[in-house]
There are 2 protein chains.
Amino acid sequence: MTPKKPRSEKSIVDIAKALGISPATVSRALNNSSRISEATRRRVKEMAKEMGYRHNSMASSLRNRRSNIIGLIVPRISMYFHVFFITALQRRLQIAGYNLMICQSNDSVSVERELANSLYSARVDALVVSLTLYTEDVSHFDGFLAQGIPLVFYDRVPTMPTPAFIVKGDDYRGGMLAGNHLLVAGCRRIAYVSGPLSCSIYQERTRGFVDALATRSVSLPEHWVCHHELTAENARRSLRLLFGGNEKPDGLFAANDTTAIAAVEFAREHGIRVPEELKIIGYSNDPRTSIITPSITSIEQFPSEMADKVADTLISALKHSPDAPGTIAGRPVICPVDLVRRTTT
Amino acid sequence: MTPKKPRSEKSIVDIAKALGISPATVSRALNNSSRISEATRRRVKEMAKEMGYRHNSMASSLRNRRSNIIGLIVPRISMYFHVFFITALQRRLQIAGYNLMICQSNDSVSVERELANSLYSARVDALVVSLTLYTEDVSHFDGFLAQGIPLVFYDRVPTMPTPAFIVKGDDYRGGMLAGNHLLVAGCRRIAYVSGPLSCSIYQERTRGFVDALATRSVSLPEHWVCHHELTAENARRSLRLLFGGNEKPDGLFAANDTTAIAAVEFAREHGIRVPEELKIIGYSNDPRTSIITPSITSIEQFPSEMADKVADTLISALKHSPDAPGTIAGRPVICPVDLVRRTTT
DNA sequence: TTGTAAGCGTTATCAG
DNA sequence: CTGATAACGCTTACAA
């Protein structure tokens, strides 16, 4: 249960011995220090290669107090938005010389808490987090702030003020765009399926959407509003409810695309014509929305651009000496969104 | 460019001093060693909490020569198959006390090589790899084998014999299932769009497919076969070629679902009726195949089950002392596949 | 330009 | 049950 490896790996001490010089010199040579002669640098590098030396970043990290690892906690990598975000972020960080340690909370607060601890133990140089649907208390990240370790929340961010960095989509605007679009398209009996309000993005999408309807004095009846985890199964259940009464909605805002897709399928099964009888708009511009028939109008969030913002934030925070705990705050970065019109509206 | 953190973190030495005991005792207490009194264990843990002590796994890893980190190199996390694989693998490894370090090669051999080096430097306890489309030489992984670090290839595995562990889908059978299915459905003019043959999975799918056609003496004309990276754009280009001649295919095997989807859209645009005039079968059972109209027949690969196999392999390899380099081989594990019939056939 | 020596934080060993 | 010590591999003042 505690297996160890045999000591067959070569260290800089071995190289030093083989060459009859000091380990310090070897270290300097391998790190391309300026204070070393070209000749020894070459000698060392050759010998290193010959002996099969491999840099040990654990030792180096311990000594340097920096791991070159950045932690990422994401609710689920199966979400289109996060996949694109991660890919873009990883590319940027790789270039900057960092490795990304990607973890999934699976929307479980307790897993998120464990991951935070584990990544702290690993002494990541920075942490990037998109919260679970239910995270309200973010105190499990306090240790990072206390130590001045850059902490960036993106997308699903804390609903309470925090001294951490924040990069988020303009969910208020997204909700408002969706609402206006349905109104302009002529909808007056509008239903809304949203995620739980414990989560920042759904709070804001809801606010924006409600405000949009209010400007035209369209009401959003309580029995036409659902808040729950936005899975396909939940969507089907809610749709049955929403369309079970006498009066049917003529417009639906689904706060994610999985739900919008379920709605299109539901309409198909129940002979509801889309967009004639029912207009549907989703959120995130998941590639699936353009594959399904009819294709679904959605809100684009530009995940790669968001990743660029996060990368910029990280890199500048990491460059500036992170010595002074508490000084890492900043005003939230709000990223634009856009409506992509397709055939469901 | 080389920022260091101030030494404000507490170590076990600080705890030891505060308690007037030795660091060794503190370490034992925190690790729940059996050779320690209940009383001191409690005292230590209380003090640790009070002082805000946090375990430093870098130091611990260096001392123990094990990081509890497992490296993963995957071509792209945007592929459905890998997303599900990763999710399942991560859950299993988390339970076993390991963290996953997920990296993307983006199908670039040179990136793959760099990642291998970087993960070696990080002294991962094991490495899991699905190769790029073009990796033929796998010598950049030799270091792991030489040091007896468990190395598992899955899905896209080396085409040459290797002493590493191998877990792969039954791509030969998958190709054969696809071929037989098209034949049984009555297709005789069959086209095939495949990935590059440098990649194991396409080699085998092709072999299986060709063998299936051969049993019924159906030929696969060379101008109806394409090998290239299976993107939507490439697919569109190939489809234009395949359907540009006088004789049109009545069956198409697309070696991934992105291509199959492109084919369905192509058929729609060109007024080719599916499945009446053209039958289409994809590969991987991407969720998109069941959303599109008509829904696409595909080959299921059971990524989660594959991840379980990989996890089993890893955990047993890590438990058995990995002292003896060269003894970690094993016969390839072949995972079943299944045909999922939908409306395109 | 190179060497010496100390130390990053933890833990295994050995002795008490 | 507890303590002293050394070591994991690397880096960096400081000294030569």
Side-chain angles (χ1 to χ4, degrees), chain A residues 1-44 47-48 51-68 120-123 125 147, chain B residues 1-44 47-48 51-68 120-123 125 147:
Chain A
M1 203 49 220
T2 313
K4 277 192 245 164
K5 291 200 234 72
R7 198 188 164 292
S8 70
E9 305 205 43
K10 300 303 177 196
S11 73
I12 56 173
V13 178
D14 298 316
I15 300 180
K17 273 190 197 128
L19 250 37
I21 60 180
S22 87
T25 306
V26 175
S27 171
R28 283 189 276 251
L30 293 173
N31 290 314
N32 293 317
S33 156
S34 52
R35 293 154 58 199
I36 194 137
S37 76
E38 194 47 50
T40 43
R41 189 206 312 278
R42 245 203 323 278
R43 281 209 310 148
V44 168
M47 179 57 83
M51 297 178 67
Y53 167 81
R54 305 296 232 97
H55 180 74
N56 184 325
S57 37
M58 275 171 6
S60 155
S61 296
L62 178 60
R63 172 67 229 236
N64 286 330
R65 290 146 158 271
R66 43 190 259 115
S67 60
N68 284 317
Y120 189 99
S121 291
R123 294 302 189 269
D125 288 347
Q147 288 301 322
Chain B
M1 203 48 220
T2 313
K4 279 195 241 161
K5 290 202 233 74
R7 196 188 166 291
S8 70
E9 305 203 41
K10 301 301 177 198
S11 74
I12 55 174
V13 178
D14 298 316
I15 300 180
K17 274 189 196 130
L19 250 39
I21 59 180
S22 90
T25 306
V26 175
S27 173
R28 283 189 278 252
L30 293 173
N31 290 313
N32 294 316
S33 156
S34 51
R35 294 154 56 199
I36 193 133
S37 76
E38 193 48 48
T40 45
R41 188 205 312 278
R42 244 203 323 279
R43 281 207 311 146
V44 167
M47 180 57 84
M51 297 177 67
Y53 167 81
R54 305 295 234 96
H55 180 75
N56 185 326
S57 36
M58 275 172 4
S60 165
S61 296
L62 177 59
R63 177 64 233 238
N64 286 330
R65 289 144 157 272
R66 43 190 259 114
S67 60
N68 284 319
Y120 188 100
S121 291
R123 293 303 190 268
D125 288 347
Q147 288 301 323

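The figures that follow rest on heavy atoms only: side chains count, while hydrogens, waters and symmetry mates do not.
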Spacing between B:Lys10 atom NZ and C:dG9 atom C1', to the nearest angstrom: 14 Å

Least distance between heavy atoms, A:Ile12 atom then A:Pro23 atom: CD1-O, 4.0 Å

Gap between atoms CG and C1', on B:Asn64 and C:dT13 respectively (whole Å): 14 Å

Give a yes/no answer on whether the side chain of B:Asn56 brings an N or O atom under 4.0 Å of OP1 or OP2 in C:dC8. no

Would you kindly give the CZ-to-C1' distance between A:Arg54 and D:dC8, to the nearest whole Å? 19 Å

Whole angstrom is fine here: how far is it from CG in B:Asp14 over to C1' in C:dG9? 10 Å

Under 4.0 Å: is that the gap between some side-chain N or O of B:Ser27 and OP1 or OP2 of C:dT11? yes

Which heavy atom of B:Arg28 sits nearest to which heavy atom of B:Ile36, and what is that distance? CB-CD1, 3.9 Å

What's the CG-P distance between B:Leu62 and C:dT11, to the nearest Å? 11 Å

Which heavy atom of B:Arg123 sits nearest to which heavy atom of A:Arg54, and what is that distance? NH2-O, 3.0 Å

Would you list the protein and nucleotides 4-7 of chain C atom pairs, both N or O, that sit under 3.5 Å from each other?
from, atom 1, to, atom 2, distance (Å)
C:dG7, N2, A:Arg63, NH1, 3.1

Quick check: on DNA chain D, is the nucleotide nearest B:Ala59 upstream (toward 5') of the one nearest B:Val26, or the reverse? Name the residue that is more 5'. B:Val26

Closest heavy-atom contact between B:Ser61 and B:Ser67? OG-CA, 3.4 Å

Side-chain contact test, heavy atoms from C-beta onward, threshold under 4.5 Å: evaluate it for B:Val13 versus B:Val26 and give yes or no. no

Those residues at least two apart in sequence (or on a different chain) that pass ring-ring contact (aromatic ring centres under 6.0 Å, His included) with B:Tyr120 are B:Phe144

Side-chain donor/acceptor of A:Asp125 to backbone N/O of A:Arg66, under 3.5 Å: no

Measure the angle between the two terminal helix axes of the helix from C:dT1-D:dA16 to C:dG16-D:dC1, five base pairs each, and quote it to 10°. 40°

If you look at every heavy atom in A:Ala29 and A:Arg41, which pair is closest and at what distance? O-CG, 3.8 Å

For DNA chain D, which residues of residues 32-40 of chain B approach it to below 4.0 angstrom with any heavy atom? B:Ser34, B:Arg35, B:Ile36, B:Ser37, B:Thr40

Measure the distance from CG on B:Asn31 to P on C:dT11 and round it to the nearest whole Å. 5 Å

Taking atom P of C:dG9 as reference, at what distance in whole Å does atom CD of B:Glu9 sit? 8 Å

Which nucleotide in the set D:dT11, C:dT10, C:dG9 lies at the smallest distance from any side-chain heavy atom of A:His55? D:dT11

By side chain to side chain donor-acceptor pair (under 3.5 Å), B:Thr25 pairs with (sequence neighbours left out) B:Ser22

With a 3.5 Å distance limit and no angle check, can you tell me whether A:Asn56 reaches the backbone of A:Met58 through a side-chain donor-acceptor pair? yes

Please name all residues satisfying side chain to side chain donor-acceptor pair (under 3.5 Å) with B:Ser121, sequence neighbours left out, ordered by chain then number. none

Short question: side chain of A:Ser57, backbone of A:Ser60 - any donor-acceptor pair under 3.5 Å? no

May I have the distance from B:Met58 (atom CE) to D:dC10 (atom P), rounded to whole angstrom? 14 Å

